[in-house]
Amino acid sequence: MSHGSVSYDYSGARVLVTGGSNGIGYGIASAFATAGAMVTVTGTRASASDYQNDLSAFTYRQLEVTDREAIKVFANSLDGLDILVNNAGASLPGGRDEWDPDVFDKSVHINLLSAYHLSQACLPLLSQSQLAGGASVIGIASLTSFFANEMVPGYGAAKAGVVQLSKTLGLSWAKHGIRANTVAAGMTETRMTAAMKNTPEYNDPIMARTPLKRWGQPADIAAAVLFLASQQASFITGQTLLVDGGYSLAC
């Protein structure tokens, strides 16, 4: 027996994870599926087979999260929903400079506006949820929600907005039985961050500032999401949980 281990039973829960085909989203979707949930993930490619990861544990749906009409059609096609995880996001979209006004707008659209529009489209479904502890909208934020990074002005502004959006949804949607919270992910090991982790010039300062002396794993972020969506967190709403190994503790 593993002392201090925690497990969740999400049997029957209907979960949607945007951008769930890779990285942190895939880790979150996998954790919910392991806990018994019925998980739908979205991605931009035509089918699940177009991805390297095995998505057979989930229902895969193609969705362009910047397309408002597509979001409405998608939400209307769902039979029900208990937990929405707004994970889809990207920095430097298309590898372009976010100081370019058009790229800045694109980054904010991907990382913030899509979360608002999908949450709003799913409100009728979430309002009907009978999940113990209430339905949940979980945002995925970043350390750039709190610290400036001049390379990604659009991404940082959007991720700061995700934190504020959770506060507003937590206040406004409590009357619908819906809680809204955010997990702010620190430096997490994914394919997207592999170049940084494998480059001492970037990795060494990160490790020097991180008290726990390791990079996060998608499972670390997933654990926080499962807690916030659970009955054990039924008195928590409008909050942001930093999962960063202590990086934010020091200046």
Side-chain angles (χ1 to χ4, degrees), residues 2-6 17-31 43-44 51-54 85-100 103-104 106-108 110-112 115 138-164 166 181-228 239-251:
S2 176
H3 295 286
S5 64
V6 175
V17 182
T18 62
S21 58
N22 291 297
I24 289 173
Y26 182 74
I28 294 169
S30 298
T44 58
Y51 291 94
Q52 180 177 342
N53 287 324
D54 179 8
V85 183
N86 284 310
N87 168 78
S91 61
L92 301 170
R96 296 175 295 166
D97 183 2
E98 288 193 11
W99 288 99
D100 179 306
V103 182
F104 183 98
K106 178 75 169 179
S107 186
V108 172
I110 293 171
N111 293 289
L112 174 60
I138 307 289
I140 303 299
S142 158
L143 291 178
T144 60
S145 300
F146 310 100
F147 300 104
N149 184 326
E150 64 180 338
M151 288 184 62
V152 287
Y155 181 84
K159 290 302 186 181
V162 168
V163 170
Q164 184 61 38
S166 282
N181 292 291
T182 290
V183 174
M187 302 308 297
T188 306
E189 188 173 358
T190 64
R191 287 204 298 267
M192 186 175 70
T193 60
M196 295 178 64
K197 184 176 185 297
N198 295 327
T199 304
E201 177 184 355
Y202 296 110
N203 181 67
D204 291 353
I206 291 170
M207 287 299 95
R209 182 169 170 164
T210 304
L212 293 184
K213 300 302 179 188
R214 70 174 178 88
W215 280 62
Q217 300 297 318
D220 294 314
I221 311 306
V225 172
L226 264 66
F227 164 69
L228 287 173
Q239 304 303 308
T240 295
L241 176 59
L242 280 93
V243 182
D244 67 351
Y247 182 96
S248 57
L249 298 177
C251 62

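Because only heavy atoms are used, hydrogens play no part in the values below, and waters and symmetry mates are left out as well, while side chains stay in.
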For a 4.5 angstrom cut-off between non-hydrogen side-chain atoms, does [X] reach [Y]?
X: Asn53; Y: Ser21; answer: no
X: Val225; Y: Val85; answer: yes
X: Ile24; Y: Asn87; answer: yes
X: Ile110; Y: Pro93; answer: yes

Considering non-hydrogen atoms only, spot the tightest contact between [X] and [Y] and give its length.
X: Val163; Y: Ala141; value: CG2-CB, 4.0 Å
X: Gly25; Y: Val17; value: O-CG1, 3.7 Å
X: Gly27; Y: Pro218; value: CA-CB, 4.1 Å
X: Ala29; Y: Gly20; value: CB-O, 4.4 Å
X: Val243; Y: Ala224; value: CG2-CB, 3.7 Å
X: Leu112; Y: Gly161; value: CD1-C, 3.6 Å

Open item on the list: Tell me every residue that passes side chain to side chain contact (heavy atoms under 4.5 Å, CB included) with Thr210, counting only those two or more places apart in sequence or in another chain.
Closed with: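 Once residues adjacent in sequence are excluded, the partners of Thr210 under the side chain to side chain contact (heavy atoms under 4.5 Å, CB included) criterion are Ile206, Met207, Tyr247.
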TODO: Apply side-chain hydrogen bond (donor to acceptor under 3.5 Å, both in side chains) to Asp97 and list each qualifying residue two or more places apart in sequence or on a separate chain.
DONE: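 Partners of Asp97 by the side-chain hydrogen bond (donor to acceptor under 3.5 Å, both in side chains) criterion come out as none, since no residue qualifies.
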- [ ] With sequence neighbours excluded, tell me which residues meet side-chain hydrogen bond (donor to acceptor under 3.5 Å, both in side chains) with Thr144.
- [x]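 Testing Thr144 for side-chain hydrogen bond (donor to acceptor under 3.5 Å, both in side chains), a comparison that skips the adjacent residues, returns Ser142.
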Solution key, residues 198-205 side-chain donor-acceptor pairs under 3.5 Å, sequence neighbours excluded:
| from | atom 1 | to | atom 2 | distance (Å) |
| --- | --- | --- | --- | --- |
| Asn198 | ND2 | Ala194 | O | 3.0 |
| Thr199 | OG1 | Ala195 | O | 2.6 |
| Asn203 | OD1 | Trp215 | NE1 | 2.6 |

Task: Check: Val103 main-chain N/O paired with Ser107 side-chain donor or acceptor under 3.5 Å - done: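 No; zero donor-acceptor contacts below 3.5 Å.
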Open item on the list: With side chain to side chain contact (heavy atoms under 4.5 Å, CB included) as the criterion, how do Leu241 and Asn181 come out once you've worked through the C-alpha distance, each side chain's angles and the decisive distance to 0.1 Å?
Closed with: CA-CA 8 Å; Leu241 176 59; Asn181 292 291; over 6 Å; no
Task: side chain to side chain contact (heavy atoms under 4.5 Å, CB included) between Thr182 and Asn86, intermediate numbers included - done: CA-CA 9 Å; Thr182 290; Asn86 284 310; over 6 Å; no
Rounded to the nearest 0.5 Å, how far apart are [atom1] of [X] and [atom2] of [Y]?
X: Thr190; Y: Lys197; atom1: OG1; atom2: NZ; result: 11.5 Å
X: Leu92; Y: Met192; atom1: CG; atom2: CE; result: 9.5 Å
X: Ile221; Y: Thr188; atom1: CD1; atom2: OG1; result: 4.0 Å
X: Arg96; Y: Lys106; atom1: CZ; atom2: NZ; result: 7.0 Å

Indicate every side-chain donor-acceptor pair of residues 146-159 with a distance under 3.5 Å to a residue at least two apart or in another chain.
| from | atom 1 | to | atom 2 | distance (Å) |
| --- | --- | --- | --- | --- |
| Asn149 | OD1 | Met151 | N | 3.0 |
| Lys159 | NZ | Ile140 | O | 2.7 |

Task: Pairs meeting criterion salt bridge (charged side-chain N to carboxylate O under 4.0 Å, His left out) with involvement of residues 218-227, two or more places apart - done: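 Only Arg214-Asp220 qualify under salt bridge (charged side-chain N to carboxylate O under 4.0 Å, His left out).
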